Every structure is written in C-alpha cells, then in structure tokens.
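Because the structure is predicted, anything quoted here is derived from the model rather than measured. We name chains A, B, ... by the order of the sequence lines, and we start the count at 1 in each one.
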Number of protein chains: 2
Amino acid sequence: MNLKELSEKLGLSQTTVSRALNGYPEVSETTRRRVQDFARQMNYQPNSNARRLATGKSSTIGHVVPLSSHDMINPHFSDFIAGAGEIYNRHGYDMLISVVSMDAEQSTYETLYRNRRIDGMIVHGPRFDDERIALLTRLKVPFVVHGRTNAPEDSYSWVDVDNRRTFHEAATWLLDAGHRRIGLINGPEFMTFAIWRREGFENALRERGLEPDPAIMTAADMIEPNGHAAMTRFLEQDNPPTAVLCSSMLTSLGALRAVREHDLKPGRDISVIGFDDCLSFLPAMRENPAVSVVQSSIRLAGKACATMLIDQIERNTGPQSLRLDTRLLLGASTGPAPGG
Amino acid sequence: MNLKELSEKLGLSQTTVSRALNGYPEVSETTRRRVQDFARQMNYQPNSNARRLATGKSSTIGHVVPLSSHDMINPHFSDFIAGAGEIYNRHGYDMLISVVSMDAEQSTYETLYRNRRIDGMIVHGPRFDDERIALLTRLKVPFVVHGRTNAPEDSYSWVDVDNRRTFHEAATWLLDAGHRRIGLINGPEFMTFAIWRREGFENALRERGLEPDPAIMTAADMIEPNGHAAMTRFLEQDNPPTAVLCSSMLTSLGALRAVREHDLKPGRDISVIGFDDCLSFLPAMRENPAVSVVQSSIRLAGKACATMLIDQIERNTGPQSLRLDTRLLLGASTGPAPGG
DNA sequence: GTGGGCAGCCAAAGCGCTTTGACTGGCTTT
DNA sequence: AAAGCCAGTCAAAGCGCTTTGGCTGCCCAC
C-alpha cells in the first residue's frame with residue numbers, strides 16, 4: 001500500500017492525503033479524520049526512503065564507535081545508547097551505529113554525511129587535538145561531543161563532567177584522610193578526560209606539597225585486567241601506595257582483586273576509589289557500597305547529547321553545552337591512611 | 001555533486017556513469033576508469049536515500065534491543081555489535097539500533113520493516129513461545145535469532161550455544177569433584193537460554209540421584225547485585241551449597257563478593273562457576289583465571305548472525321543455523337567439595 | 001553485399017514521497 | 001453586484017538514483 005493507491009481509494013489527491021497524515025493545516029478536520037482512519041485501517045506505512053529523498057532529511061543520528069586497541073567497545077557505550085535511544089524514539093529519529101577501526105574513523109564520518117545517511121552525529125571518546133571536531137565543523141555536520149576536546153569550549157557542542165575537579169576532589173578527600181602516597185590508574189591519555197583527570201589528581205597533590213610519583217601512576221585501556229596488573233605492580237614496589245584512584249569502575253575491580261590477592265583489606269590496608277559511570281549492570285553502589293566511587297550517569301549523558309543534537313538539527317541552534325554533576329560516594333573500599 | 005552534474009561534466013549519460021561506478025559490464029574499461037577517477041576527484045558520493053528508493057533495498061540491518069526490567073541494556077550487547085558491525089561494514093550494510101521498552105517491541109519490528117528502513121533483523125534475547133518469530137515469519141522479513149526459541153529448529157535461522165549441554169557439563173564437573181549441594185543463579189526464566197540452562201543443571205543432578213533444591217536456585221536479571229543477593233541468601237541458610245553455578249560473569253562476580261563477605265574462600269570453601277560470554281572488558285580468564293567459567297564468544301556470535309543474515313538477504317537462502325562451542329575453564333574459584 | 005551480433009552508450013521511465021503553485025466555489029466585504 | 005478572500009483541494013514538478021529498452025556503429029560471417 002502506497003500513497004498513490006491510498007489516495008485513489010479515498011478519492012483524494014496524493015497532496016491532500018500526504019498533508020492530512022502529516023498534520024498540515026490546509027486540510028479540513030473531517031477529511032483528515034477520514035484519511036487517518038482509512039490509513040490505519042489499511043495499515044499504510046510511508047516509505048521512509050522516498051520520504052527521505054523528498055525531504056532531504058534522513059532523520060537518523062550516526063554514532064561512530066571506534067574499536068579500542070583491545071578491539072573492544074567501551075562497555076559504557078550500551079548505557080549511553082540506552083539514554084540516547086530513548087530520546088531518538090521520542091522524536092522519530094533512527095540510531096545508526098558504525099563500528100570501525102580507529103584509522104577508518106575519519107572517512108566514515110565524512111561518507112555517512114555526504115551520503116545523506118545521517119543528519120547529525122555524536123562524537124565519542126574525544127581526544128586531544130581531535131581532528132574529528134575540525135572535520136565535522138568543516139563539513140557543517142551538526143554534532144555533539146560526549147566529552148570535551150581542547151578546542152575552545154564555545155566552538156562546538158558538548159556534554160561532559162568536570163573531570164579535573166572531580167579527580168581533584170577525590171584526591172583531596174584521600175589527602176584529608178591522611179593518605180600521603182596515592183596512586184593513579186588512569187585511562188589512555190590520548191583521551192582528553194584522562195589527561196584532565198590526571199591534572200586534577202596532580203594538582204591536588206601539589207597543593208599539599210606532594211610531588212606525584214610516576215612509579216604509581218599508569219594509563220591504559222580501562223578494563224579489569226589492566227587494573228589488576230597496575231595494582232599488582234604498585235603493591236610489589238618498595239614503597240607501595242596507601243590509596244589508589246581509578247579512572248573506571250572496571251579498573252577498580254581489577255585493582256581490588258590484586259589487593260585481595262596480597263591479603264590486604266580494602267578500606268583498611270589500602271583505599272581504592274573508582275569512577276563509576278553508573279554502569280547499570282555492575283555493583284549497585286546505591287544499596288551496597290562495596291567500592292567507593294565518583295559517580296555520574298552515562299545514561300543521562302546519552303539523553304543530554306541526543307536532546308541537544310536534535311535541537312541543533314531542527315532549530316539550527318548554535319553550539320550548546322552541558323556540564324553534568326558527579327558525586328563522591330564513599331563505600332567500604334576507602335578509609336583513613338593506615339597508621340595515619 | 002550529484003549524478004546529473006557528474007555525468008554532464010563527463011559528457012556521458014547518467015546511465016553510463018551509474019553503471020561505470022557500480023561495476024556493471026556494459027561499460028568499456030576506458031570509460032569506467034575515466035568515470036571513477038573523475039568521481040573520486042570530485043568527491044562524488046551517491047545519495048543513499050535516492051539509491052534506496054530506486055533499488056528498494058535499504059542495506060540496513062535492524063537490531064531491536066528491549067530494555068530489561070532494570071531499564072538496562074544487556075552488557076553483552078556491545079560485544080555482540082562489535083562482531084556484527086565488522087561484518088556489516090565489510091558488506092556495506094548499516095546497523096540500525098532501536099532501543100525500546102519491551103511492550104513496544106512488536107510494533108517496532110513491524111514498522112521498521114514496512115517502512116522499508118531495514119532489509120533484515122537480528123532478534124535478541126529469544127523467549128519461550130516468542131511472538132516475534134511468528135511475526136517476522138509472517139511479515140517475511142529475513143531475520144536471524146541470537147539464541148533459540150521453542151519453535152522447530154529448522155523453521156528459522158539461529159546462532160546459539162548448547163545451553164543445556166553446557167550447564168549439564170559444568171554441573172557434572174562439580175558433582176565429580178564431590179559436591180552434593182549445588183546452587184543455581186540463573187537468568188530470567190522467560191528467556192529460553194535460562195530455561196535450558198536450568199534443565200541441563202537439573203538433569204545432571206538427577207542423573208546422580210540428587211533432587212534440585214529450589215531453596216538454592218534463583219532466576220533474575222543477570223547483574224552483579226542480583227548475584228550478590230542470591231549468594232547471600234544461599235549462604236545464610238541452614239544448609240548452604242558448597243558450589244554454585246551462575247548464568248553470567250556478572251552474577252558470579254556478585255556471588256563471589258558475597259562469598260568474601262562471609263569470610264569464605266572461593267575454590268576452597270565454596271566453588272563458583274560463571275558463564276563468561278567473553279566480555280572483553282572483564283577479567284581476562286585467559287591469563288589470570290580468577291573465576292571459573294564456561295566460555296563462549298559473544299562477538300563471534302555477532303559475526304555469525306550478521307554473516308548468516310546477509311547471506312539470507314542477498315541470496316535468499318532458507319533458514320540456516322549454527323551451534324557455537326563452549327568450553328569449561330577452571331580457575332581459582334572452583335575446587336573439590338570441602339571435606340569431601 | 002547483406003544480415004546478424006555485439007559492445008557501448010543513451011533517453012526516459014520509474015521508485016514513493018513532499019511541496020509548489022494554481023484552481024475552485026462559497027462567503028464576506030464594500 | 002463586483003471584488004476580494006480564504007479554506008480546501010489538486011496536478012505536476014521535483015528529490016537523485018537505477019534500470020529497462022532501445023539505438024548506434026563496427027565487425028564478422030556467409
């Protein structure tokens with residue numbers, strides 16, 4: 001069933017039927033009602049491709065997700081799309097996901113847009129001097145970055161947490177608890193968030209007259225085994241840390257595993273704070289705070305990015321931005337410095 | 001730059017240019033070369049929507065992901081799409097993801113297809129008497145199920161592991177190790193895989209003359225807190241299990257957390273086996289077997305589903321199926337029955 | 001020399017929508 | 001009564017591709 005047949009059966013022109021169905025005002029209410037009823041009865045579904053061709057809009061948002069060096073998709077991603085997906089549905093947008101290796105990323109962005117397959121994009125995992133921002137700006141693709149890059153903050157749209165402040169705060173909490181030797185298990189430092197987290201961490205130490213020690217600082221993909229490896233290395237040093245800050249829930253789980261393997265008790269012998277993006281499937285800190293975390297909702301970030309992007313596409317608004325809150329939740333894995 | 005302009009500048013007809021670019025044989029090699037070079041030089045990108053309208057194919061595969069009762073997307077999902085995405089890229093297909101609440105699922109499938117937005121679908125999380133299989137069959141949408149339902153196995157395409165056998169095997173291993181009281185922390189039992197896992201588990205017990213005890217069996221969303229809650233309940237009973245089988249890596253992590261909280265040592269005081277879908281971001285069992293698992297690659301399943309579906313779409317082949325292997329990896333969390 | 005075959009190209013007809021611009025006829029305005 | 005207006009409708013022109021069904025020449029066979 002297509003528009004032509006539908007309008008013939010109704011004894012109306014395609015124009016009128018199209019307008020009736022799409023809510024244009026030039027149609028009498030009686031006619032509109034009749035058309036809508038009949039369309040529903042016939043189970044008429046407009047051909048999206050024809051509509052997209054005619055309107056020049058694809059009503060689709062693209063997400064390019066690069067595979068990390070571990071050939072993996074960031075596990076936070078599913079939470080992000082749960083949030084974004086909800087908004088897309090509500091506004092009649094499709095979500096197009098393109099999984100590519102990091103080197104094919106640029107061309108994917110360009111092709112998707114020039115092909116008119118998408119109306120806008122979400123940029124994930126912004127990096128330092130990120131070429132994608134320049135590329136998308138040049139192409140005039142509407143886009144929103146989840147995170148920030150080092151380009152001027154008002155030159156593009158973004159949704160982010162204050163990574164520097166957050167890690168500054170967490171480190172300061174540990175310092176206040178008497179810890180003097182604090183380690184950092186960070187994410188890959190070509191990502192801006194990791195850079196800023198380190199800065200926040202280092203600044204906090206320096207403000208207390210401590211010099212960050214590279215021997216107890218690492219940066220790698222945020223997966224459990226990496227947390228475990230890093231913590232193991234820390235603990236086997238001459239002068240192990242009494243507290244460690246992790247950039248992810250996953251690395252903190254690995255770190256805690258290493259702690260247990262050394263027969264140490266988290267929170268007593270060593271404190272661990274993770275960064276929980278509210279992974280909906282991992283320890284619900286809410287009821288049972290096994291681990292201390294800095295918390296922020298990735299799903300909320302997904303919603304915010306989607307809302308912002310759609311606004312930008314439809315109302316052609318300029319760059320917007322949103323800074324999301326984080327909060328420090330202290331669970332069983334943190335405590336005062338031992339012997340402090 | 002569109003086909004018309006391009007062909008005008010080349011002094012050729014649209015037909016010829018289109019054919020040259022799409023590899024049809026009716027064009028001389030000289031012309032083809034000239035057209036291709038010029039198109040590249042002009043950075044010509046065909047309008048996908050026009051092409052889709054003209055061909056009637058959308059070159060898009062739909063994934064409808066229902067939000068679970070926890071409003072969450074199954075975390076295995078990101079691994080699955082990493083696998084599927086790779087195949088889609090290679091064959092020029094797009095991946096369309098629709099996140100919907102469970103009750104809107106049916107209509108989403110139908111709309112996506114009748115709208116011609118997709119050429120085929122992947123069905124996730126098949127349930128018992130799954131209406132979606134009937135619906136898609138009726139609509140004549142090509143589809144592949146990740147998992148199986150209770151419909152005849154040759155009546156639709158699927159990629160699955162042998163859940164019954166796998167859990168039978170794992171339980172048998174525990175029985176062989178002397179365990180007589182074995183618990184089960186299962187996934188939601190409206191999903192077929194969970195039903196079959198329970199059956200495999202129960203059969204193994206019965207073959208040894210043991211009756212499964214509902215007091216140490218649960219079924220719920222496979223998230224860490226649920227594993228923790230279940231194990232806690234088990235341990236606080238009069239007659240706690242000496243071994244527990246978990247349907248997921250995540251619940252087994254929660255279970256282990258509960259074990260530790262009771263000052264028991266996994267593998268000595270109580271054995272835990274999880275089901276690891278090779279979550280790329282969780283403990284790499286390979287190098288450091290902290291937990292015992294039954295292993296199968298979700299990513300591989302994603303690849304297999306994608307390949308099968310594309311084959312079905314393009315060659316119009318009938319139902320195919322693939323049974324993936326699992327293997328039992330024994331790590332530190334299992335051992336003989338205490339005092340056995 | 002005539003006819004057939006074929007490689008190579010083209011014009012034009014879709015694909016199924018949206019949207020522009022024009023046309024009714026009934027109703028108000030002056 | 002003439003003029004103007006407006007709500008409601010329509011025909012037709014796109015949107016940018018693919019594909020059908022020719023139409024040329026040129027070469028070869030008989």
Side-chain angles (χ1 to χ4, degrees), chain A residues 1-36 38-39 42-60 92 94 111-119 313-314, chain B residues 1-36 38-39 42-60 92 94 111-119 313-314:
Chain A
M1 174 67 54
N2 59 21
L3 230 211
K4 192 172 167 206
E5 296 177 72
L6 193 70
S7 53
E8 279 166 3
K9 298 206 185 192
L10 277 162
L12 288 169
S13 73
Q14 294 190 38
T15 311
T16 305
V17 176
S18 171
R19 292 198 154 140
L21 293 174
N22 292 316
Y24 283 77
E26 303 93 332
V27 182
S28 76
E29 268 317 305
T30 336
T31 311
R32 184 192 308 283
R33 189 65 47 103
R34 189 164 72 91
V35 171
Q36 283 175 342
F38 190 66
M42 293 283 101
N43 201 356
Y44 166 72
Q45 304 269 36
N47 181 314
S48 304
N49 299 317
R51 167 178 298 189
R52 288 169 181 180
L53 175 58
T55 59
K57 304 183 161 302
S58 56
S59 299
T60 302
D94 283 343
T111 306
L112 283 176
Y113 189 63
R114 307 193 74 128
N115 270 341
R116 310 237 107 92
R117 283 189 286 177
I118 56 154
D119 290 339
I313 292 170
E314 297 186 346
Chain B
M1 173 68 55
N2 59 21
L3 231 210
K4 192 172 167 203
E5 296 177 72
L6 193 69
S7 53
E8 279 166 2
K9 297 205 186 191
L10 277 161
L12 288 167
S13 73
Q14 294 190 37
T15 310
T16 305
V17 176
S18 171
R19 293 198 153 139
L21 293 174
N22 293 316
Y24 282 77
E26 303 92 334
V27 182
S28 75
E29 269 316 306
T30 337
T31 311
R32 184 191 307 283
R33 190 65 46 102
R34 189 164 72 91
V35 171
Q36 283 176 342
F38 190 66
M42 292 284 100
N43 201 355
Y44 166 73
Q45 304 269 36
N47 180 314
S48 304
N49 299 318
R51 168 178 298 193
R52 288 170 180 179
L53 176 58
T55 59
K57 305 184 159 303
S58 55
S59 298
T60 302
D94 282 344
T111 307
L112 283 176
Y113 189 64
R114 308 193 73 127
N115 269 341
R116 310 237 106 92
R117 284 188 285 178
I118 55 154
D119 290 340
I313 292 170
E314 297 187 347

Peer 1: Please report the interatomic distance CG(B:Asn22) to CZ(B:Arg51), rounded to the nearest 0.5 Å.
Peer 2: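 Between atom CG of B:Asn22 and atom CZ of B:Arg51 there are 5.0 Å.
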Peer 1: To the nearest angstrom, how far is B:Arg33 atom CZ from C:dG8 atom P?
Peer 2: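 Result: 14 Å.
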Peer 1: Does any N or O in the side chain of A:Ser48 come within less than 3.5 Å of the main-chain N or O of B:Arg117, such that one atom is a donor and the other an acceptor?
Peer 2: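 No, A:Ser48 side chain to B:Arg117 backbone: no donor-acceptor pair under 3.5 Å.
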Peer 1: So what does B:Ser48 hit on the nucleic acid, given a heavy-atom distance under 4.0 Å: a base, only sugar-phosphate, or nothing?
Peer 2: nothing
Peer 1: Measure across A:Val17 and A:Ser7 and return the closest heavy-atom pair with its distance rounded to 0.1 Å.
Peer 2: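 Result for this residue pair: CG2-CB, 3.6 Å.
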Peer 1: OP1 or OP2 of C:dG16 versus the side-chain N and O atoms of A:Tyr44: is any pair under 4.0 Å?
Peer 2: no
Peer 1: Roughly, in whole Å, what's the span from CZ in B:Arg34 to C1' in C:dC9?
Peer 2: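 Atom CZ in B:Arg34 sits about 12 Å away from atom C1' in C:dC9.
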Peer 1: Can you tell me how far the CG atom of B:Asn2 sits from the CD atom of B:Gln14, to the nearest 0.5 Å?
Peer 2: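 CD of B:Gln14 is found 7.5 Å from CG of B:Asn2.
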Peer 1: Could you give the CZ-to-P distance, from B:Arg51 to D:dT18, as a whole number of Å?
Peer 2: 5 Å
Peer 1: Residues of residues 1-14 of chain B with any non-hydrogen atom less than 4.0 angstrom from an atom of DNA chain C: list those, numerically ordered, please.
Peer 2: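 Only B:Gly11, B:Leu12, B:Ser13 qualify.
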Peer 1: Can you find a donor-acceptor pair, distance only, under 3.5 Å between A:Ser18 side chain and C:dT19 base?
Peer 2: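 Checked by distance alone, the answer is no.
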Peer 1: What integer distance in Å separates B:Arg116:CZ from C:dC15:C1'?
Peer 2: 11 Å
Peer 1: Mapping B:Glu29 and B:Leu53 to their closest nucleotides on DNA chain C, which lands nearer the 5' end?
Peer 2: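 The 5'-side residue here is B:Glu29.
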Peer 1: Rounded to whole Å, how long is the line connecting atom NZ of B:Lys57 with atom C1' of C:dG16?
Peer 2: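 From B:Lys57 NZ to C:dG16 C1': 17 Å.
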Peer 1: Measuring from the side chain of A:Thr15 (C-beta onward, heavy atoms only), which nucleotide among C:dG16, D:dA12, D:dC17 has the closest atom?
Peer 2: D:dA12
Peer 1: Which part of the nucleic acid does B:Thr55 contact within heavy-atom distance under 4.0 Å: base, sugar-phosphate only, or nothing?
Peer 2: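 The residue B:Thr55 makes sugar-phosphate contact but no base contact.
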Peer 1: For B:Asn49 and A:Arg116, indicate whether the former's side chain and the latter's backbone hold a donor-acceptor pair under 3.5 Å.
Peer 2: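 Yes: the side chain of B:Asn49 pairs with the backbone of A:Arg116.
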Peer 1: If you round to the nearest 0.5 Å, how far is CE of A:Met42 from CE of A:Met1?
Peer 2: 5.5 Å
Peer 1: To the nearest 0.5 Å, what is the distance between CG on B:Leu10 and OG1 on B:Thr31?
Peer 2: 9.5 Å
Peer 1: Using atom types as modelled and distance alone, determine if a side-chain donor or acceptor of A:Arg52 lies under 3.5 Å from a backbone N or O of B:Leu53.
Peer 2: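 A pair under 3.5 Å: no.
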Peer 1: Starting at CG of B:Leu6, measure out to CG of B:Leu21 and round the result to the nearest 0.5 Å.
Peer 2: 6.5 Å
Peer 1: Round to the nearest Å and state the distance from B:Asn49 atom CG to D:dG14 atom C1'.
Peer 2: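 The distance from CG of B:Asn49 to C1' of D:dG14 comes to 15 Å, rounded to the nearest Å.
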Peer 1: Rounding to a whole Å, what distance do you find between B:Arg52:CZ and D:dG16:P?
Peer 2: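 My rounded result for the distance is 16 Å.
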Peer 1: Mind running a 4.0 Å heavy-atom check of residues 19-28 of chain A against DNA chain C and sending the residues that fall below it, in number order?
Peer 2: A:Arg19, A:Asn22, A:Tyr24
Peer 1: Mind calculating the distance between CG (B:Asn47) and C1' (D:dC17) to the nearest angstrom?
Peer 2: 8 Å
